[in-house]
Amino acid sequence: MAVPRPLQATRTIFEVLAALGRWSRACSTFHAFTEVLRLPKRQMTKLVFPLQELERQLTPDSRLDLHVKIFDPSLEDISKAESVFTASARNRISYLCSAVRLDHAPDLPSPEGHTKKMNFFKVGKYFTLVDMPGYGYRAPEDFVDMVETYLKERRNLMRTFLLVDSGVGIQKTDNIAIEMCEEFALPYVMVLTKTDKSSKGHLLKQVLQIQKFVDRETQGCFPQLFPVSSVTYSGIHLLRCFIASITGNLD
């Protein structure tokens with residue numbers, strides 16, 4: 001049996017991803033990519049590649065500020081990634097266990113709210129998602145032993161995802177996570193959530209500010225941002241394809 005590749009994710013990443021598969025209760029009609037492909041081209045591009053839509057609002061000389069082509073998969077690749085995140089009899093997506101310390105973690109490659117433990121979810125034969133506690137004042141007392149130790153010592157991590165509320169941008173608590181990833185030399189990604197709650201102008205302003213921060217202040221952050229909405233599914237298919245790609249599941 002192949003050992004699934006593990007994938008590190010922060011507390012909210014699984015909430016976003018879980019809303020996208022067939023095991024979700026999301027009300028959006030665009031959770032299936034086959035439905036997205038039936039949309040008019042402009043609407044499909046807006047839904048699948050939200051940064052490209054924001055880029056349209058910029059002047060030509062300022063469009064270089066958005067790194068929209070670093071990860072630019074084909075629609076065929078995005079369709080392939082769907083099978084990874086689609087639960088079926090042959091591709092089970094299931095909860096494994098919870099852990100409070102690294103030595104409690106399973107030896108293999110939650111409900112909405114405040115996560116207190118590291119929760120492990122197996123995505124078929126492909127990889128494992130780790131849903132981790134958030135940072136800041138609501139972090140559990142054993143946060144350092146739990147999260148920092150896991151990030152520092154788990155050698156088979158593929159990527160860490162840091163979720164930032166696109167409505168408010170990078171906050172002090174986000175900086176804690178960023179500094180941790182930079183200190184441990186971990187490759188990580190910025191996922192900008194709740195994009196449906198902001199106007200285009202406000203969202204563009206936040207995206208440009210965060211992109212500038214990533215370019216100037218980080219070393220290990222993937223240069224392309226991933227704006228997503230679990231309500232409209234905007235950006236979700238691209239993010240899922242990115243995860244399938246970095247875990248070697250598009251070959």
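- K69 NZ to F49 CZ: the interatomic distance, rounded to the nearest 0.5 Å, is 7.5 Å.
- Within the 4.5 Å cutoff, the side chain of P40 has no heavy atoms near those of the R42 side chain.
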Tell me, with the steps shown, if F33 and L75 meet side chain to side chain contact (heavy atoms under 4.5 Å, CB included). CA-CA 9 Å; F33 194 61; L75 295 178; 3.9 Å; yes
F213/T218 under side chain to side chain contact (heavy atoms under 4.5 Å, CB included): CA gap, chis, key distance, verdict: CA-CA 7 Å; F213 173 87; T218 71; 3.9 Å; yes
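- Between Y188 and L186, the shortest heavy-atom contact is CD2-O, 3.2 Å.
- In plain terms, the two heavy atoms of M158 and P187 that are nearest each other are O-CG, 4.0 Å.
- The line from CG of L192 to CD1 of I210 is 4.5 Å long, rounded to the nearest 0.5 Å.
- By the 4.5 Å heavy-atom criterion applied to side chains, C241 and L250 are counted as neighbours.
- Side-chain atoms of N91 come within 3.5 Å of backbone N or O of V84 as a donor-acceptor pair.
- Hydrophobic clustering, with ILVMFWY side chains joined whenever heavy atoms are under 4.5 angstrom apart, keeps V231 apart from V168.
- A distance of 10.0 Å separates CD1 of I243 from CG of L238, quoted to the nearest 0.5 Å.
- With rounding to the nearest 0.5 Å, the separation of CG in L239 from CD1 in I78 is 11.0 Å.
- Nearest heavy atom pair, residue L51 against residue L225, reads CD1-O, 3.3 Å.
- Residues D174 and L163 share a closest heavy-atom pair of OD1-O, 3.9 Å.
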Are R92 and K122 close enough, and set up right, to give a side chain to side chain contact (heavy atoms under 4.5 Å, CB included), and what steps lead you there? CA-CA 8 Å; R92 296 184 61 187; K122 186 178 181 181; over 6 Å; no
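- Ring pair F71/F242 is perpendicular by interplanar angle, where above 60° counts as perpendicular and below 30° as parallel.
- Not a single donor-acceptor pair under 3.5 Å links the side chain of Q57 to the backbone N or O of G201.
- Residues Q52 and D72 have side chains in contact (heavy-atom distance under 4.5 Å, counting atoms from C-beta outward).
- A centroid separation of 6.0 Å or more is found between the aromatic rings of F161 and F226.
- With hydrogens and angles disregarded, no donor-acceptor distance shorter than 3.5 Å links the side chain of D215 to the backbone of K212.
- Closest approach of P50 to P227, counting heavy atoms only: CG-O, 3.6 Å.
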Verdict with supporting geometry, V68 and Q224, side chain to side chain contact (heavy atoms under 4.5 Å, CB included): CA-CA 6 Å; V68 299; Q224 183 174 322; 5.7 Å; no
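- No side-chain heavy atom of V228 sits less than 4.5 Å from a side-chain heavy atom of T195.
- Within the 4.5 Å cutoff, side-chain heavy atoms of M190 are placed close to those of I170.
- To the nearest 0.5 Å, atom NZ of residue K46 and atom CG of residue L54 are 10.0 Å apart.
- With contacts defined as side-chain heavy-atom distances shorter than 4.5 Å, the pair T45/E53 does not qualify.
- Heavy atoms only, all atoms of each residue included: S229 and I236 are closest at O-CG1, 3.6 Å.
- Interatomic distance, S166 OG to K197 NZ, rounded to the nearest 0.5 Å: 9.5 Å.
- Side-chain contact between H237 and R240: present, with at least one pair of heavy atoms (C-beta onward) separated by less than 4.5 Å.
- At least one side-chain heavy atom of L58 sits less than 4.5 Å from a side-chain heavy atom of L208.
- Remark: side-chain polar atoms of Q171 are not paired, donor with acceptor, to backbone N or O of V164 under 3.5 angstrom.
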